[in-house]
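No experiment lies behind these values; they were computed from the predicted model shown. The figures that follow rest on heavy atoms only: side chains count, while hydrogens, waters and symmetry mates do not.
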Amino acid sequence: MKELPKAYEPKHYEDEIYKRWEESGFFNPDNLSGEPYAIMMPPPNVTGVLHLGHALENSLMDSMARFQRMRGKKVLLLPGTDHAAVATQAKVERLLVEQGIKNPRQELGREELLRRIREFSEQSKSTILSQIKKMGTSADWSRLAYTFDEPRNRAVNGVFVRMYNDGLIYRGTRMVNWSIGAHSVLSDDELLWEERQEPFYYIRCGEFVIGTVRPETKCADSPLVVHGDGEYLRLRFTNKEGQEDHLIVSKNLFDKKEQFQVITNHLESQSNFQVTETFTGKELEGRAFEYDTYAAKRKFYVIADEVIDMEKGAGAMTISSCHSADDYDLAKRRGLNETFIQKIDFDGKMTDVAGPCIGMTIVDARRKAVEIMKEMGLIVGEDTKYVHRLPICYRSNTVVEPMVSKQWFVNVDKEIPGRGKTLKQLMREAVTTGHNGDKNKTVRITPDRFEKGYLRWVDNLYDWCISRQIWWGHQIPVWYKGEEVYVGIEPPKDEEKWERDPDTLDTWFSSGMWTFSTLGWPEGGDFKTFHPTGWMQMGYEILFLWMSRMILFSTYVIDGIPFRDVYIHGMLRDEMGKKFSKSAGNSVDPLDVIEEFGTDALRFSLISGISPGNDARFYDEKVEGARNLVNKIWNISRFILTQFDPDGLTLETDHTSQEYTLADQWILMRLNQIIIEVTDDLENFRFSAAGEKLRDFTWSELADWYLEISKIESASPADKSFKSGILMYILEILLKLWHPFMPFVTEAIYQQRMRNSGILLMVQPWPSSVLHAGLRTDKPASEVLSEFSLLQSIVTGIRTIRNEYGIEPKKEFSIIIQTEKYQVLIDQYASIIKNLAKVSSLTITGTPDQPKQSATFVPGEGVTVFVELSDVIDVAKERERLEKEIQNLTAYVSSLEKKLANKQFVAQAPASVVATERAKYEEATAKLSALEQQRAPFSHF
RNA sequence: GCAUACGUAGCUCAGUUGGUUAGAGCGCAUGAUUCACAUUCAUGAGGUCCCUGGUUCGAAUCCAGGCGUGUGCACCA
């Protein structure tokens with residue numbers, strides 16, 4: 001075997017290996033056989049760059065894909081990107097503005113702007129895709145999809161038309177969320193809520209006092225609304241000018257001294273408010289008066305309605321039907337048609353009802369309106385500590401305004417013709433009873449606690465607003481000619497006479513079909529083979545945005561579920577637990593990490609120490625640890641491949657049971673257990689647990705013990721040749737087990753092992769849990785394991801004493817092991833003990849004599865070890881050491897004694913538990929008495 | 001307000017249906033270096049499993065209450 005470098009250098013292998021995998025064709029399931037198994041890559045934004053979240057997702061999905069592929073499945077990991085409608089258009093528009101194009105939509109027009117966005121995203125697409133390749137993702141690039149390409153457009157239009165014909169899609173005027181930054185409507189689920197402190201103004205309106213954080217909208221409000229059962233007070237006071245004045249406020253506000261103080265202070269009219277009249281809201285209803293707003297003189301009248309919350313503000317409000325969801329509902333309900341006055345336009349500018357504020361932005365208008373109202377004496381109070389939450393556009397990061405507009409919606413509550421169910425019910429069924437009550441068509445969510453949240457979300461769902469006033473996206477397949485409406489996949493015949501709806505569809509409308517639109521639906525082929533997909537993973541933040549829509553479309557369109565399993569992962573945070581973000585300056589570029597530590601190290605550090613649905617921290621030390629592990633695997637392999645003969649005996653054919661040493665049997669049994677456990681963990685998505693078990697086996701058992709022992713047990717050429725067979729066997733399995741986690745290093749080693757013969761590890765069969773037929777032993781596994789563990793205890797016990805007495809490592813000493821039961825065993829493996837513990841002479845005796853000047857320990861029942869220390873023995877120290885051990889053991893024994901003396905325990909606990917406890921007790925007692933015997937001589941000192 | 005998750009060693013976290021003298025990695029301490037690996041090895045110190053009560057023969061684990069932290073939803077004149 002040729003020389004291998006001392007340390008694994010990822011850079012020398014990764015790109016080359018990836019190329020080989022790609023060229024092999026095994027990323028493409030057409031070249032694989034077996035049961036189909038598909039994983040759809042959650043498509044990253046086409047304009048995005050790889051971040052840690054992608055890195056985590058790629059690690060997870062690729063580990064799963066590789067595991068399933070090795071298990072003999074026909075695995076399709078389908079890659080793709082998302083056109084991310086609003087986000088992308090907003091991003092490109094921002095860039096264009098920076099380049100001096102003030103209003104890109106106006107200046108460039110639809111076609112040209114689309115061309116620019118397309119150009120930008122095509123360029124960007126290759127970046128993210130090549131970055132995904134760096135992660136080692138074993139995706140089938142020949143099936144690369146894009147949410148905004150032709151096949152996906154056909155699917156989107158087809159589904160839209162079908163839903164329209166089923167009456168599930170309708171057009172209506174509604175209060176919607178308007179993002180001024182994105183210049184588009186958003187669905188409820190696209191809002192982020194941000195807490196802000198903004199002044200809350202008490203404004204007079206005639207004698208009435210209303211409260212608001214939006215004084216700029218108080219230019220054209222009417223009527224004034226009070227609660228019918230609310231109590232209101234008319235207060236008399238002396239104003240700044242020293243004149244008598246009146247205000248009507250809710251009793252609630254007046255009684256809340258701290259709140260009312262805001263008004264008192266403002267009017268500089270301390271404590272001389274006198275209640276002159278009291279009314280209920282009903283009594284006030286119908287009053288009419290004229291009053292000046294900051295913009296114009298207006299007529300007001302009073303109505304009473306239960307929408308008013310007496311606990312809030314002043315217990316009275318005026319209506320802004322076009323700019324508040326509650327007001328809109330109220331106005332609709334009460335038929336207050338004259339209140340639909342638009343004060344803010346879709347660019348976020350004040351309209352011509354705003355008087356002095358016409359054309360101003362909301363922020364400017366607010367400042368100006370307050371200024372004017374202050375001069376007019378309309379502002380009677382200002383609560384500067386008011387905190388409320390504002391909806392923010394998740395894409396453009398600007399405040400979202402409630403606005404009234406005509407939009408397209410998906411009706412989630414309408415019964416689907418011929419199905420007897422609503423979309424809501426379909427979404428519910430898929431995770432509860434199974435689609436159409438079929439248990440085999442159930443989406444299983446891991447961890448299952450997210451199921452509750454999902455169901456609650458489904459139950460509270462309102463119609464989904466799917467139209468967007470942007471150009472970058474699937475244009476709605478609807479044409480208008482006067483009052484006529486045409487909806488179809490193909491344009492109407494005399495197309496030029498029709499006008500197409502300029503709006504596009506919500507990006508989630510297309511990504512919701514991702515599991516089947518990517519498979520050529522409705523044409524078939526791949527769709528038939530791979531749907532429903534096997535596994536999907538995503539962060540909990542897009543559970544509602546994406547998962548729910550995939551379930552909606554799958555169940556409605558293709559009458560099935562989109563995937564059998566969905567694994568929800570948490571978010572990655574920095575060392576301090578903060579979110580990664582560019583603005584916080586803590587972002588980590590996965591490519592930098594790969595450059596420094598290698599892809600395998602990055603992948604393993606992302607996957608270990610995490611649990612589904614919970615956030616995890618990511619920091620350098622974690623990657624360093626993973627890098628060290630990668631290197632350890634490299635060196636284990638280097639040792640085996642360079643020190644032993646790869647072409648010698650094989651375990652499969654040349655080994656017979658008698659030749660196996662205890663260590664051989666032990667490591668093979670442990671390996672067998674690890675195969676079973678790791679397979680089970682991966683089948684149940686316990687990536688972290690699987691990784692930890694493998695790490696522990698690889699490092700603490702294989703490297704630290706078995707490889708060390710194999711050096712000792714390979715003294716003769718025959719023994720060495722025998723060992724080679726075992727080591728090659730273990731190495732091959734080890735590489736396979738590690739492959740899903742660390743595809744590059746394992747493949748690199750495998751290529752060395754196979755002498756670059758072109759055989760790829762990535763398609764080798766996953767190790768089976770059955771012990772190799774070559775290993776036959778009369779001993780049960782438990783006996784092998786416990787015997788080996790005794791040897792380990794003897795070795796570590798000696799090392800401990802050596803350390804405690806500060807004996808130089810080079811100094812060899814003699815030990816005596818007193819045992820009846822294990823004489824043969826210890827004698828047989830004396831050389832291991834001597835080598836690993838650096839012991840020059842080892843005597844085994846059956847007689848319980850204690851040599852003088854020695855330290856003692858009991859590694860297990862029936863064995864006592866004496867370490868001869870002659871001149872270095874420190875009697876006091878030795879006595880103390882033994883004393884401490886005995887104390888520990890005594891406490892342990894007595895706790896077991898108590899347990900076993902408990903009749904209820906013996907009677908009620910399962911027999912196996914009682915037996916285990918009894919065995920523990922017996923062993924501990926035996927150890928204890930052995931130790932006490934050793935202490936006796938010391939007690940004289 | 002409602003919901004949900006979390007609270008275990010100095011730090012980051014495991015601990016799968018109740019049965020361990022409660023674990024790992026990192027960090028720390030002591031010592032080792034030609035012989036696969038200092039990206040290494042050996043050894044060690046370090047825990048009121050947030051608190052209180054309950055269920056049970058038995059609780060880090062189940063239940064109730066409390067405290068603390070995070071997140072989602074709701075409210076949003």
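Across all strands shown, rA64(B) forms a Watson-Crick or G-U wobble pair with rU52(B), both key distances being under 3.5 Å. Nucleotide rG18(B) has no partner under the Watson-Crick or G-U criteria, as no pair reaches both atom distances under 3.5 Å. In this structure rC35(B) sits in no base pair that meets the Watson-Crick or G-U test at under 3.5 Å. With a cut-off of 3.5 Å on both pairing distances, the Watson-Crick or G-U wobble partner of rU4(B) is rG70(B). Nucleotide rC76(B): unpaired (no Watson-Crick or G-U wobble partner with both distances less than 3.5 Å). With a 3.5 Å ceiling on both atom-pair distances, the Watson-Crick or G-U wobble partner of rG44(B) is rC28(B). Under the Watson-Crick and G-U wobble criteria, each requiring two contacts below 3.5 Å, nucleotide rA59(B) is left unpaired.
Note on D680(A) versus R686(A): salt bridge recorded, some NZ/NE/NH1/NH2 to OD/OE distance being below 4.0 Å. The residues R214(A) and E216(A) are annotated as salt-bridged, a charged nitrogen and a carboxylate oxygen being separated by less than 4.0 angstrom. Between R333(A) and D305(A) a salt bridge is recorded (basic side-chain N to carboxylate O distance below 4.0 Å).
As a whole-Å value, the separation of D620(A) CG from rC11(B) P is 20 Å. If you take CG of N614(A) and P of rU8(B), they are 13 Å apart, rounded to a whole angstrom. When rounded to the nearest whole Å, the span between CZ of R695(A) and P of rU12(B) equals 19 Å. Atom NZ of K622(A) and atom P of rA14(B) are 9 Å apart (whole Å). Following rounding to the nearest Å, F450(A) (CZ) and rA3(B) (C1') show an atom-to-atom distance of 13 Å. Atoms CD1 (I610(A)) and P (rU12(B)) sit 17 Å apart, rounded to a whole Å.
Across all strands, S895(A) comes closer than 4.0 Å to no nucleic acid atom at all (heavy-atom distances). Using a 4.0 Å heavy-atom criterion, one finds that R799(A) contacts the sugar-phosphate atoms exclusively. Counting any heavy atom pair closer than 4.0 Å across all strands shown, N460(A) reaches no nucleic acid atom. Contacts of L896(A) with the nucleic acid, taken as non-hydrogen atoms under 4.0 Å apart, are absent. Within the nucleic acid shown, S688(A) has no heavy atom closer than 4.0 Å to any nucleic acid atom. Residue contacts shown for A325(A) are absent, as no nucleic acid heavy atom lies under 4.0 Å away. If you check every strand for non-hydrogen atoms under 4.0 Å, V213(A) touches sugar and phosphate atoms only. Among the atoms of the strands shown, none is found under 4.0 Å from any heavy atom of I210(A). Looking at heavy-atom distances under 4.0 Å, R456(A) makes contact with a base. T212(A) comes within 4.0 angstrom of sugar-phosphate atoms only, judged by non-hydrogen atoms across all strands, and of no base. Among the atoms of the strands shown, base atoms are found under 4.0 Å from some heavy atom of P910(A).
Nucleotides rA9(B) and rA5(B) are separated by 23 Å at their C1' atoms, to the nearest Å. Taking atom C1' in both rG47(B) and rA14(B), the straight-line distance is 15 Å, to the nearest Å. rC13(B) and rU17(B) have their C1' atoms separated by 22 Å, with the value rounded to a whole Å. Across rC63(B) and rA24(B), the matching C1' atoms stand 30 Å from one another, rounded to whole Å. Here the separation of rG25(B) from rU33(B), taken at their P atoms, is 24 Å to the nearest Å. For the P atom pair drawn from rA29(B) and rA45(B), the interatomic distance equals 16 Å after rounding to whole Å. rA32(B) and rU61(B): their P atoms are spaced 45 Å apart (whole Å). Spacing between rC62(B) and rA74(B) at atom P, rounded to whole Å, works out to 30 Å.
At distances below 3.5 Å, at least one donor-acceptor pair connects side-chain atoms of Y232(A) with backbone N or O atoms of H227(A). No donor-acceptor distance shorter than 3.5 angstrom exists from the side chain of D615(A) to the backbone of L572(A), with no hydrogens or angles considered. Side-chain atoms of S608(A) do not come within 3.5 Å of backbone N or O of S688(A) as any donor-acceptor pair.
The side chain of Y619(A) has rU12(B) as its nearest neighbour among rA36(B), rA14(B), rU12(B). Taking only side-chain atoms of E621(A), from C-beta outward, the nucleotide of rC26(B), rU39(B), rU30(B) with the closest atom is rC26(B). Out of rU20(B), rU12(B), rU71(B), the shortest distance to the side chain of R617(A) is found at rU12(B). If you check rA14(B), rA5(B), rA38(B) against the side chain of S611(A), the one that comes closest is rA14(B). Nearest nucleotide to the N635(A) side chain, out of rA14(B), rA36(B), rU43(B): rA36(B). For D309(A), taking side-chain heavy atoms from C-beta onward, the closest of the listed nucleotides rC73(B), rG19(B), rA77(B) is rA77(B). Taking the side chain of Y892(A) as heavy atoms from C-beta on, and the options rA36(B), rU21(B), rG72(B), the nearest nucleotide is rU21(B). Each of rA36(B), rA5(B), rU16(B) was ranked by its minimum atom distance to the side chain of L707(A); first place goes to rA36(B). Taking every side-chain heavy atom of A909(A) into account, rG19(B) is the closest of rG19(B), rA36(B), rU21(B). Nearest nucleotide to the side chain of R449(A), out of rU21(B), rA36(B), rU4(B): rU4(B).
When the side-chain nitrogen and oxygen atoms of R627(A) are compared with OP1 and OP2 of rU39(B), none of them lie within a distance under 4.0 Å. The phosphate of rU21(B) (OP1 or OP2) has a side-chain N or O of K920(A) nearer than 4.0 angstrom. The side chain of T800(A) contributes an N or O atom lying less than 4.0 Å from OP1 or OP2 of rG44(B). When the side-chain nitrogen and oxygen atoms of K711(A) are compared with OP1 and OP2 of rA36(B), one or more of them lie within a distance under 4.0 Å. Side-chain nitrogen and oxygen atoms of W699(A) include none within less than 4.0 Å of the OP1 or OP2 phosphate oxygen of rC37(B).
Counting distance only, with no hydrogens placed and no angle test, the side-chain atoms of K6(A) and the base atoms of rA38(B) include no donor-acceptor pair under 3.5 Å. In the interface, the side chain of E708(A) is paired with the base of rA36(B) through a donor and an acceptor atom under 3.5 Å apart. Within 3.5 Å, a donor on the side chain of K632(A) pairs with an acceptor on the base of rC37(B), or the reverse.
Here L869(A) contributes atom CG and I807(A) contributes atom CD1; the two are 5.0 Å apart, rounded to the nearest 0.5 Å.
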(request) With side-chain contact (heavy atoms from CB on, under 4.5 Å) as the test, would you mind laying out the steps for E575(A) and D620(A) before giving the verdict? (result) CA-CA 9 Å; E575(A) 205 168 357; D620(A) 267 7; over 6 Å; no
(request) Take F639(A) and F644(A) through the test ring pair (Phe, Tyr, Trp, His ring centres under 6.0 Å) and record every step on the way to the result. (result) CA-CA 8 Å; F639(A) 172 71; F644(A) 291 85; 5.6 Å; yes
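Each of F200(A) and A924(A) was matched to the nucleotide of RNA chain B holding its nearest heavy atom; the match closer to the 5' end belongs to A924(A).
In this structure, F697(A) has its ring center no closer than 6.0 Å to that of W738(A).
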